[in-house]
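Heads up: the structure comes next, in structure tokens.
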Amino acid sequence: MTKLSEQELVRRENLEKIKELGINPFPADLYEVNSNATEIKSKFEEGSEDFKDVSIAGRLMMKRIMGKASFAELQDSTGKIQLYINRDEICPGENKDMYNKVFKKLLDIGDFIGVRGYVFKTKTGETSIHVSELKLLSKSLKPLPVVKVDAEGNVHDAFTDPELRYRQRYVDLVVNPHVREIFVKRAKLFQAMREFFNNAGYLEVETPVLQPIPGGAAAKPFVTHHNTLDIPMYLRIANELYLKRLIVGGYDGVYEFSRNFRNEGMDRTHNPEFTAMEIYVAYKDYNWMMEFTEKLLEHCAIAVNGTTEATFGEHKIDFKAPYKRVTMRQAILDHTGFDIKGKTEGELYEAAKNMGIEVDDSMGKGKLIDEIFGEKCESSYIQPTFIIDYPKEMSPLCKMHREDSELTERFELMVCGKEVANAYSELNDPIDQKERFEEQLKLSERGDEEAAQFIDFDFLRALEYGMPPTSGMGIGMDRLAMFLTNNESIQEVLFFPQMKPEK
RNA sequence: GACUCGGUAGCUCAGCCGGUAGAGCAACGGCCUUUUAAGCCGUGGGUCCUGGGUUCAAAUCCCAGCCGGGUCACCA
């Protein structure tokens, strides 16, 4: 146990003194509220008969004591409102303890209180609650950072240390209203997406997080062990193969918000656990999915920000449909002058090398093309753009292109040079699928760490029973949340980003 | 993993050319019945991230480590 600071000791003493006055600092009974700070401030008009008897609850965030009367600020989940507290009104009798002792001395910033009174405007025009009753609802024993905002809206002494903010997110949320807002927007994003899918008639499903074979993507999994079965289990790196089994089972459309786990590096855009949304729709192809995706994102942007436009760092982006479609071949041609069509692995290898790209022998054709695109093209797509028709080798779950056997019917949606969505006309030929899995195994053995290392034979069996033509699409929800809230770090859109343990 | 910047009071930070540890807010005592980054007078508060080293003397210089940010590498 670490030594208590001066201020923590004072608060514990205040707690004891409150008990000595016969007040329970942690009462069990509910506190009835009939309004909130934002409702009062936005709807109150001077002279109106509304808000004559309001009751709200929240944290005491500021005390300005001026002798026998005081101003204070109360913060509830909606915002802050000023309180006016007059000694003789909260203490109508002879005993002035509630004001002189409890309010002035024993209540600390951060304490939860409930107040009742009428709403009025002070002579400076600030909507305030004239308090007639004040009740302590819960004591706070640690001092919160005190963040002040002046008349011009400038924030003083902001609580900004990223380590403290992420480790003690609860404090961050209390004192930084803009942080609370990020997560409200994140929730609106998920809600809007669900609504869009449900309105289209698709079914929200849940599939295993604990998987015996980590499939559907190539990434290092977290491994655990099931004691009773005595087998290794993996936290899912993707849910794709399970959703396709459900399409085999006969649903027209299924989707899942999937918490995925990848045992890889962490940086501004990667957290070991993250949220993907995947959707699969029967009898559709990737062209249909492109239109569906751009309408979806337009809908979500409006739901979150009230407009299709969004700001991300220095970029202004517009999610209004439709989005440009560029083939991967054309993208590489545009940015390098090199045409990948019909080139052999050797030719691609030389071309990449000449472009200054680090190449090695483990790279197959698809990987080389992907490297060229990643190095030379990706970062220039700022506005939402569909990059389409990826090489076959790097898309083992995707159907061969209807017009070119070297390509697949795949698109990725790029925003600000980053991948936001990935979609296919799904491969449903079980024999082709088996061969692609086997190629992946070979690539893996050759040293390509991105290639899949497992073959899911049950998934192949499901395909053998027949899967209708299907298009599937996945969205990195954290990344999308970053774009819609103008945050360049994934940590800002996760309540509790992964951190090394303290001490 | 590499490079780089940082870690000093509850919070935000200064001090870093070595010589008794500072400010603002917060806290504590006092004054104040419409203030609002309230104000005025007074007071207390520190493992200067940890461990070594150099030195008469280290928050400050050197080495190692821990934690965090950024950049890069990695990342379907």
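Numbers restart at 1 for each chain; the letters A, B, ... are given by sequence-line order, proteins then strands.
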Checklist entry - So what does A:G474 touch, heavy atoms closer than 4.0 Å: a base, only the sugar-phosphate, or nothing? => result nothing

Next on the checklist: I'd like to compare against my own output: the B/S/- annotation of nucleotides 26-34 of chain B with a strict under-4.0 Å heavy-atom distance to protein.
Outcome noted: BSSSS-BBB

Item to check | Any strand: nucleotide that pairs with B:G1 via Watson-Crick or wobble, under 3.5 Å | outcome: B:C72

Checklist entry - OP1 or OP2 of B:G69 sitting under 4.0 Å from any side-chain N/O of A:Q491? => result yes

Item to check | Non-neighbouring partners of A:K96 that pass salt bridge (charged side-chain N to carboxylate O under 4.0 Å, His left out), sequence neighbours left out | outcome: A:D88

Next on the checklist: Suppose the criterion is salt bridge (charged side-chain N to carboxylate O under 4.0 Å, His left out): which pairs have a residue in residues 263-276 of chain A, not counting sequence neighbours?
Outcome noted: A:R259-A:E273, A:R268-A:E488

Checklist entry - In terms of side-chain geometry, is the basic nitrogen of A:K392 or A:E439 positioned less than 4.0 Å from the acidic oxygen of its partner? => result no

Item to check | Partner nucleotide of B:C13 by Watson-Crick or wobble geometry (both distances under 3.5 Å) | outcome: B:G22

Checklist entry - Between A:L397 and A:A158, which has a closest nucleotide on RNA chain B that is more 5'? => result A:A158

Item to check | Which residues share a ring-ring contact (aromatic ring centres under 6.0 Å, His included) with A:F386, sequence neighbours left out | outcome: A:Y323, A:F411

Next on the checklist: Between A:F257 and A:I475, is there a side-chain heavy-atom distance shorter than 4.5 Å?
Outcome noted: no

Checklist entry - Who pairs with A:F44 by ring-ring contact (aromatic ring centres under 6.0 Å, His included), at least two apart in sequence or on another chain? => result none

Next on the checklist: Please tell me whether A:Y381 and A:H335 form a close aromatic pair, meaning their ring centres lie under 6.0 Å apart.
Outcome noted: yes

Checklist outcome for this item: To the nearest angstrom, the NZ-C1' distance between A:K80 and B:A37 comes to 11 Å

Next on the checklist: I'd like the P distance from B:G10 over to B:C49, given in whole Å.
Outcome noted: 13 Å

Checklist entry - Given B:U35, is OP1 or OP2 found less than 4.0 Å from the side-chain N or O atoms of A:R64? => result no

Checklist outcome for this item: What residues 162-171 of chain A contributes to the RNA chain B interface at heavy-atom separation below 4.0 Å is A:P162, A:E163, A:L164, A:R167

Item to check | Opposite nucleotide pairing with B:C32, Watson-Crick or G-U, both atom distances under 3.5 Å | outcome: none

